[in-house]
Amino acid sequence: MTASRVLVLNSGSSSVKYQLLDMVDRSRLAAGLVERIGEETSRLVHEPLAGPGAAAGRREQLGPIADHGAALKAVAAELAADGMGLDSPELAAVGHRVVHGGTRFTRPTVIDDEVLAEIRSLIPLAPLHNPANVTGIEVARTLRADIPQVAVFDTAFHATMPEYVARYAIDAATADAYSIRRYGFHGTSHAYVSRETARLLGRAVEDVNVIVLHLGNGASASAVRGGVCVETSMGLTPLEGLVMGTRSGDVDPAVVFHLARVGGFSVDEIDSLLNKKSGLLGMCGDNDMREVLRRAGEGDEAASLAFAAYVHRLKKYIGAYSAVLGRVDAVTFTAGVGENAHQVREAAIDGLAALGLELDPRANAERSAEPRLVSAEQARVAVAVVPTDEELEIATQAYALVTR
């Protein structure tokens, strides 16, 4: 029996998302979520998507789950109940989402003690994410020490950016001493979506230039030339770039000094302000684009202003990345907002006919879970909507690494 299954784990500080995929046909066998780990109100939702358990549908457990070890053991028990346990000989690898790979990890990597130690050393660059990623890896290694555990890094796809793009214009010695450079994030999404855009256009990846707009609560843009990232909007951290749900995106760095000197804010207070209390939330009190659109439609001035700022920043990046690429074959929207909010796509593309961008209003307004073009027939540049699939991308990269 050839091992063809990959378990994908995305470990957060108090949660574990997971999917089990069969890479023979790229099908999902099961998916689920453990949340509120460490609390009395922990919750596990498991959905078998294939096999005998699929007929019974999703299952839910409520009750305390003490830590990530207990969480992964509970996940293993649910999979075993469907005949797809972690002890299955069909399991080829466990793929782990790791947010930050620094400059060391630029491709998927089989995890050993040395690799794990290096991921742990990158915690200062991603203090909210890498600790949980490390915990997930440690627990999974104890459960199946005999199969490859593969780290797939959010930053890796952007490692191809030229040095003059990745560097900030600050003192070079200081930048090197503290690893200050632009890393970019959402890399698995940008990799998957740029490749799927080429497929949608019926062209080879190497022949297509794409601007990818990953618009969720976190949001980022990338310029991808022939399948290779040459620019992205997020930087040292996910704070830089677009207006997001709770993050400010681009601001004058002197805002930090002003808040400290004039407002008396501490470093931690400024960090919290810019990451958790800014963006749409900071401007109008809501970080859910659906609510922002509803309020703006009713004439709410704060929501209208927040939406206008959000769209303006998108337009700036589309224009900038058009200049970076020189030739653009497609602008692709993805993630929760990008896939579902037709008003965002309409507003972002409106007025960009000079760049070759025009929408078909009817196609843009239609809802679909399938990759599709929403551009006008006469448009020189395609506008696409491609649902992202980061779990499939992680599984694909992990499986390719362990079977080559």
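If you take CG on L280 and CZ on F307, they are separated by 9.5 Å, rounding to the nearest 0.5 Å. Rounded to the nearest 0.5 Å, atoms OH (Y321) and NZ (K316) are 11.5 Å apart. If you take CG on D268 and OG on S272, they are separated by 8.5 Å, rounding to the nearest 0.5 Å. In this structure, T246 OG1 and L239 CG are separated by 9.5 Å, a value rounded to the nearest 0.5 Å. Here the CZ-NE2 distance, from R362 to H342, works out to 14.0 Å after rounding to the nearest 0.5 Å. Atoms CG and CG, on L373 and L359 in that order, are 11.0 Å from each other to the nearest 0.5 Å.
Remark: the backbone N or O of A302 is paired with a side-chain donor or acceptor of D300 at under 3.5 angstrom. The main-chain N or O of V224 is never found under 3.5 Å from a side-chain atom of S222 such that the two would form a donor-acceptor pair. With S88 contributing its side chain and M84 its backbone, the two residues share no donor-acceptor pair below 3.5 Å. Looking at S11, its side chain never comes within 3.5 Å of a backbone N or O of V16 through a donor-acceptor pair. Looking only at distances, a side-chain donor or acceptor of T232 sits under 3.5 Å from a matching main-chain atom of A221. A donor-acceptor distance shorter than 3.5 angstrom exists from the side chain of R36 to the backbone of T41, with no hydrogens or angles considered.
Using a 4.5 Å heavy-atom cutoff, the side chains of Y317 and I211 are not in contact. Between E346 and V344, every side-chain heavy-atom pair lies at or beyond the 4.5 Å cut-off. Between N130 and V98 the shortest side-chain heavy-atom distance falls below 4.5 Å. Between L116 and V134, the closest side-chain pair of non-hydrogen atoms falls below 4.5 Å. Using a 4.5 Å heavy-atom threshold, the side chains of E339 and T388 count as touching. Contact of the R181 side chain with the M161 side chain is not registered, since no non-hydrogen atoms from C-beta on lie closer than 4.5 Å. Annotation: side chain of F333 is not in contact with side chain of V374 (no heavy-atom distance under 4.5 Å). Between V152 and V8, the closest side-chain pair of non-hydrogen atoms is not below 4.5 Å.
A salt bridge is defined here as a Lys NZ or Arg NE, NH1 or NH2 lying under 4.0 Å from an Asp or Glu carboxylate O, and R203 with D329 meets this definition. Between E138 and R141 there is no salt bridge, since no side-chain nitrogen of the basic residue lies less than 4.0 Å from a carboxylate oxygen of the acidic one. Between R97 and E393, none of the side-chain N atoms (NZ, or NE/NH1/NH2) sits under 4.0 Å from a carboxylate O, so this pair counts as no salt bridge. In this structure, D82 pairs ionically with R59, as a charged nitrogen and a carboxylate oxygen lie closer than 4.0 Å. The residues D360 and R372 are annotated as not salt-bridged, no charged nitrogen and carboxylate oxygen being separated by less than 4.0 angstrom.
By the neighbour-count criterion of 12 heavy atoms within 6.0 Å, atom CD of E298 is densely surrounded, having more than that number from other residues, nucleotides or ligands. Counted within 6.0 Å of NZ on K315, heavy atoms from surrounding residues, nucleotides or ligands total more than 12; the atom is thus considered enclosed. For R104, the CZ atom sits in a packed shell: over 12 heavy atoms of surrounding residues, nucleotides or ligands are nearer than 6.0 Å. Within 6.0 Å of the CD atom in Q378, the count of heavy atoms belonging to other residues, nucleotides or ligands exceeds 12. In R261, the CZ atom is not crowded: 12 or fewer heavy atoms of neighbouring residues, nucleotides or ligands sit closer than 6.0 Å.
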Practice problem: Output, in order, the C-alpha distance, side-chain angles, deciding distance and verdict of side chain to side chain contact (heavy atoms under 4.5 Å, CB included) for V230 and V165. | Solution: CA-CA 8 Å; V230 297; V165 175; over 6 Å; no
Practice problem: With side chain to side chain contact (heavy atoms under 4.5 Å, CB included) as the test, would you mind laying out the steps for L91 and L20 before giving the verdict? | Solution: CA-CA 9 Å; L91 190 62; L20 180 66; 4.0 Å; yes
Quiz item: Does the salt bridge (Lys or Arg N to Asp or Glu O under 4.0 Å) test come out yes or no for R225 and E231, once each step is laid out?
Solution: CA-CA 9 Å; R225 178 182 291 125; E231 173 65 286; over 6 Å; no
Practice problem: Dump the intermediate steps for side chain to side chain contact (heavy atoms under 4.5 Å, CB included) on V328 and L355, then the final yes or no. | Solution: CA-CA 9 Å; V328 179; L355 298 179; over 6 Å; no
Quiz item: How far apart are the C-alpha atoms of N10 and Q19, what are their side-chain angles, what is the distance that settles it, and do they pass the side chain to side chain contact (heavy atoms under 4.5 Å, CB included) test?
Solution: CA-CA 9 Å; N10 182 353; Q19 286 193 17; over 6 Å; no
Exercise. For salt bridge (Lys or Arg N to Asp or Glu O under 4.0 Å), just list the numbers for R167 and D176, CA-CA rounded to whole Å, side-chain angles, deciding distance to a tenth of an Å, and then say yes or no.
Key: CA-CA 10 Å; R167 283 278 186 170; D176 290 341; 2.9 Å; yes
Quiz prompt | Verdict with supporting geometry, R26 and D389, salt bridge (Lys or Arg N to Asp or Glu O under 4.0 Å) | solution = CA-CA 11 Å; R26 293 157 60 98; D389 197 331; over 6 Å; no
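A donor-acceptor contact closer than 3.5 angstrom is absent between the side chains of T135 and H68. In summary, the side chains of S42 and E35 do not present any donor paired with an acceptor at a separation below 3.5 Å, with no hydrogens or angles considered. Side-chain atoms of E240 and Y168 form a donor-acceptor pair, as typed in the model, at a separation below 3.5 Å. Side chain to side chain, S27 and D25 meet the donor-acceptor criterion of an N or O pair below 3.5 Å.
Between R295 and C284 the shortest heavy-atom distance is NH1-O, 2.8 Å. Taking both residues in full, the closest heavy atoms of S189 and H214 are given as OG-ND1, 2.8 Å, listed atom of the first, atom of the second, then distance. Nearest heavy atom pair, residue P124 against residue P127, reads O-CD, 3.6 Å. Shortest non-hydrogen contact noted between S179 and L125 is O-CD2, 4.1 Å. The two residues P48 and G57 make their nearest non-hydrogen contact at CD-O, 3.5 Å. Residues A159 and T106 approach most closely at CB-CG2, 3.5 Å, considering heavy atoms.
The aromatic rings of H190 and H158 lie perpendicular to each other, with more than 60° between the two planes, well past the 30° mark. Ring-plane geometry between H100 and Y183 is classed as perpendicular, the angle between the planes exceeding 60 degrees on a 0 to 90 degree scale with a lower cut at 30.
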